[in-house]
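Below is one structure, written out as structure tokens, with a few remarks after it.
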Amino acid sequence: MGLTSRFKKSDTASDSEISEKRHQEQNTSSLVYDGTSSEEATTGTHTPAGTTHFQPAAKNHLKSYMGLTGRNLHLAISIVATNGFLLFGYDQGVMSGIITDPVFNAYFPATNGNSTVQGITTGIYEIGCLFGAIFILMFGEWLGRRRSCIIGGWVMIIGVVIQITAFTGHQPYVQFMVGRTITGVGNGINTSTIPTYQAECSKSSNRGLLICIEGATIAFGTMIAYWINYGSQFSDNESVHWRWPIAFQILFGLFLSVMMVFLPESPRWLLSRERYEEGESVLASLHGLESHHPEVQQQKAVILDSIRAAGEGASFKSLFTNGKTQHFRRMMIGCSSQLFQQIGGCNAVIYYLPVLLEENLGQSRKMALVIAAVNVTCYAIFSTSSWFLIERVGRRALFLWGTIGQCLAMVITFATLIPSGIKSDNTSPEAQQAAKGGVFGLFVFIIVFGATWLPLPWLYPAEVNPIKTRGKANAISTCTNWLFNFVVVMVTPIMTANIGWATYLVFAIINACFLPFVYFFYPETRKRSLEEIDIIFAKGYLEKTSYVTASRNLPLLDDKAVEDLANQYGLGDELRRDRHVSKEGAPDDLAQGSKSG
């Protein structure tokens with residue numbers, strides 16, 4: 001009999017039985033039987049003399065981390081994870097106020113007035129992030145979550161130190177670029193690991209919300225970077241203008257790397273490496289219960305079941321199959337959402353808004369920085385609205401209305417810039433006044449983006465891809481995100497320098513092109529279980545109907561109806577595998593969660 005069958009009764013125990021059992025254990029929590037059986041430890045064992053011997057060793061069964069267990073330990077893990085994404089958001093926004101700073105340009109003459117070099121200087125960070133994500137894809141399972149986070153934090157710190165110690169006479173630009181790439185590698189490691197770590201240490205009911213919270217955290221990190229950029233402009237020490245904002249992120253990196261030393265490893269990773277006692281101990285600490293408690297043992301059994309089921313994973317070849325499972329279509333839907341997030345123009349605003357305000361809209365440097373800081377403050381505030389909207393209005397509605405809002409915002413921006421003759425010194429006062437409408441358009445864009453397209457491309461692929469292929473499909477969608485993140489960051493300054501206001505016309509057209517794709521190819525997944533989503537694609541394929549229509553016409557199903565339809569569509573084996581994994585909540589939902597704004 002295996003571990004699963006040993007604790008099978010726990011799965012069907014009534015609430016009253018569990019409550020009675022917990023009450024019994026609380027009464028004997030300070031007494032643990034001197035033996036090896038969990039059950040004997042709870043109930044005691046009679047000696048031949050008819051007496052029962054216990055040993056006061058209960059504390060050995062509940063290890064604390066920094067003196068924390070249970071809910072407080074979950075909170076500590078969330079704080080450290082949040083700090084990791086604050087670091088990412090900060091580093092994403094810090095170059096926005098530096099790349100055209102006169103002091104920075106004097107120190108690195110190659111960036112002075114050269115839009116191509118400015119794009120490369122900013123975008124090389126994304127290439128580093130891509131390498132970091134690939135590194136975790138290859139070595140993450142060997143390193144473990146905790147060590148990967150520690151390494152990622154220190155790699156980012158090393159990259160920052162290389163950047164801020166660039167001095168004239170020693171190839172400073174080359175050194176700066178190397179440091180920025182290394183910082184990107186560290187960020188790629190962090191953002192590919194932290195979501196997985198947090199998911200594997202959290203309750204499955206919280207994981208969807210965690211994705212939205214992480215997206216908002218990135219926005220708040222970007223906001224911090226913008227305000228520090230603005231404040232540094234008032235220093236009399238010119239090096240502070242660019243060295244201090246870059247160096248400030250070391251605080252986030254130190255907090256991440258040092259605090260992770262005192263936090264537990266992921267219990268799922270420990271159990272997957274057959275380190276059963278350690279995994280059980282961490283589960284006990286996360287539950288705030290002793291290791292022999294039925295809840296801890298049940299969770300351990302469920303995780304082991306999910307590991308065995310997920311072990312029957314897919315090859316990369318299987319990603320390109322269709323049929324009733326539609327693996328390829330579902331992977332492409334997830335990748336397209338990541339693609340659309342990037343090419344819609346979000347990073348043209350996040351990375352370059354101060355540049356656009358100063359060079360294209362004629363604002364002073366300090367005014368450009370303060371307007372940009374207010375813009376990303378709105379971005380951070382409205383990004384929290386997704387926490388409440390995503391389950392109320394659904395994914396499709398947010399995708400569609402977000403696309404419409406972004407398109408209209410870009411239309412406002414380019415239309416109000418046309419009369420001013422962008423970068424022209426001979427425009428009328430009326431035209432210059434009209435150009436201020438471009439600022440309003442960019443505010444509208446970032447508010448809409450924060451509430452819709454910021455979190456959705458990280459949640460939707462995790463839902464739409466089946467458990468069997470989710471890990472590899474999400475890895476490919478993450479690579480799509482970083483590649484096109486780099487492309488947009490690279491080409492935006494070149495576009496604004498050469499075609500001016502038409503840059504925003506291009507983004508308006510691109511956003512308009514999203515609408516038919518989302519409307520015809522993105523099925524609704526709100527309130528759907530993973531098994532129901534499998535049935536939606538099987539139904540669409542076998543009944544020769546649109547998958548959006550299949551989703552709309554399929555009512556919400558209970559477990560019995562899911563099982564009946566799965567058997568009808570020939571998905572019985574897939575259903576059983578998904579149920580094993582989704583009990584624990586497949587960590588690959590967030591496994592490749594490299595975030596991007």
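On a predicted model such as this, the values are computed, not experimentally measured, just so you know. Reckoned from all heavy atoms, side chains included, excluding hydrogens, waters and symmetry mates.
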Please tell me if the side chains of [X] and [Y] come closer than 4.5 Å, counting only heavy atoms from C-beta onward.
{"X": "Asn187", "Y": "Asp91", "result": "no"}
{"X": "Met223", "Y": "Tyr379", "result": "no"}
{"X": "Arg528", "Y": "Leu556", "result": "yes"}
{"X": "Asn375", "Y": "Ile447", "result": "no"}
{"X": "Leu73", "Y": "Pro264", "result": "yes"}
{"X": "Trp453", "Y": "Cys346", "result": "no"}
{"X": "Val282", "Y": "Glu265", "result": "no"}
{"X": "Phe414", "Y": "Ile509", "result": "no"}

For Met259, which of Asn83, Ile79, Val80, Ile77 qualifies under side chain to side chain contact (heavy atoms under 4.5 Å, CB included)?
-> Val80
Can a donor-acceptor pair be found, under 3.5 Å and without considering hydrogens, that links the side chain of [X] to the backbone of [Y]?
{"X": "Arg180", "Y": "Ile124", "answer": "no"}
{"X": "Trp482", "Y": "Ile127", "answer": "no"}
{"X": "Gln249", "Y": "Leu87", "answer": "no"}
{"X": "Tyr522", "Y": "Ser337", "answer": "yes"}
{"X": "His327", "Y": "Ser318", "answer": "yes"}
{"X": "Ser551", "Y": "Val548", "answer": "no"}
{"X": "Asn511", "Y": "Phe507", "answer": "yes"}
{"X": "Asn465", "Y": "Pro461", "answer": "yes"}
{"X": "Thr480", "Y": "Ile476", "answer": "yes"}
{"X": "Asn347", "Y": "Ile350", "answer": "no"}

Given the rule in the side-chain contact (heavy atoms from CB on, under 4.5 Å) test, do Ile404 and Leu515 qualify, once you have shown the distances and angles that lead to the verdict?
-> CA-CA 8 Å; Ile404 293 170; Leu515 284 172; 3.8 Å; yes
If you look at every heavy atom in [X] and [Y], which pair is closest and at what distance?
{"X": "Tyr504", "Y": "Met410", "result": "O-CB, 3.6 Å"}
{"X": "Gly89", "Y": "Thr222", "result": "O-OG1, 3.0 Å"}
{"X": "Ile136", "Y": "Ser148", "result": "CD1-OG, 3.8 Å"}
{"X": "Gln92", "Y": "Tyr125", "result": "N-OH, 4.5 Å"}
{"X": "Ser383", "Y": "Leu454", "result": "CB-CD2, 3.8 Å"}
{"X": "Ala372", "Y": "Tyr226", "result": "CB-CE2, 3.3 Å"}

Point-to-point distance, once rounded to the nearest 0.5 Å, from [atom1] of [X] to [atom2] of [Y]:
{"X": "Ile157", "Y": "Ile182", "atom1": "CD1", "atom2": "CD1", "value": "13.0 Å"}
{"X": "Glu126", "Y": "Phe486", "atom1": "CD", "atom2": "CZ", "value": "8.5 Å"}
{"X": "Leu304", "Y": "Arg268", "atom1": "CG", "atom2": "CZ", "value": "9.5 Å"}
{"X": "Leu143", "Y": "Thr193", "atom1": "CG", "atom2": "OG1", "value": "8.5 Å"}
{"X": "Tyr197", "Y": "Cys149", "atom1": "OH", "atom2": "SG", "value": "7.5 Å"}
{"X": "Ser386", "Y": "Leu398", "atom1": "OG", "atom2": "CG", "value": "8.0 Å"}

Steps toward side-chain contact (heavy atoms from CB on, under 4.5 Å) verdict (Phe320, Met331) = CA-CA 9 Å; Phe320 299 93; Met331 179 184 70; 4.1 Å; yes
Count the heavy atoms belonging to other residues, nucleotides or ligands that lie under 6.0 Å from [atom1] of [X], then report whether that count exceeds 12.
{"X": "Phe255", "atom1": "CZ", "result": "yes"}
{"X": "Phe382", "atom1": "CZ", "result": "no"}
{"X": "Arg71", "atom1": "CZ", "result": "no"}
{"X": "Trp401", "atom1": "CH2", "result": "no"}

Identify whether NZ of Lys or CZ of Arg in Arg396 sits under 6.0 Å from the centre of the six-membered ring of Tyr519 and within 45° of that ring's axis.
->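 Yes.
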Relative to Tyr541, does Lys544 satisfy both conditions: NZ or CZ under 6.0 angstrom from the six-membered ring centre, and within 45 degrees of the ring's axis?
->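 Yes, Lys544 and Tyr541 form such a contact.
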Please list, chain by chain and in numerical order, all residues satisfying side chain to side chain contact (heavy atoms under 4.5 Å, CB included) with Ile381, sequence neighbours excluded.
-> Thr377
Check against ring pair (Phe, Tyr, Trp, His ring centres under 6.0 Å), Phe340 and Phe399 | CA-CA 10 Å; Phe340 293 165; Phe399 272 129; 8.7 Å; no
Criterion side-chain hydrogen bond (donor to acceptor under 3.5 Å, both in side chains) against Gln326, the qualifying member of Lys324, Arg330, Arg329 = Arg329
Parallel, tilted or perpendicular: ring planes of Phe88 versus Phe85, cut at 30 and 60 degrees =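 Phe88 vs Phe85 ring planes: perpendicular.
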Which is it for Leu256 and Ile194 under the side-chain contact (heavy atoms from CB on, under 4.5 Å) test, yes or no, and what are the steps along the way?
-> CA-CA 10 Å; Leu256 173 66; Ile194 292 174; 4.2 Å; yes
Residues Ile343, Phe514; criterion side-chain contact (heavy atoms from CB on, under 4.5 Å); working and verdict = CA-CA 10 Å; Ile343 64 176; Phe514 298 166; 3.8 Å; yes
Please determine if Glu463 and Arg395 form a salt bridge, counting it only when a charged side-chain N lies under 4.0 Å from a carboxylate O.
->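 Yes, Glu463 and Arg395 are salt-bridged.
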Any donor-acceptor N or O pair under 3.5 Å, side chains Tyr569, Glu543 =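 A pair is found: one side chain offers a donor N or O, the other an acceptor, under 3.5 Å apart.
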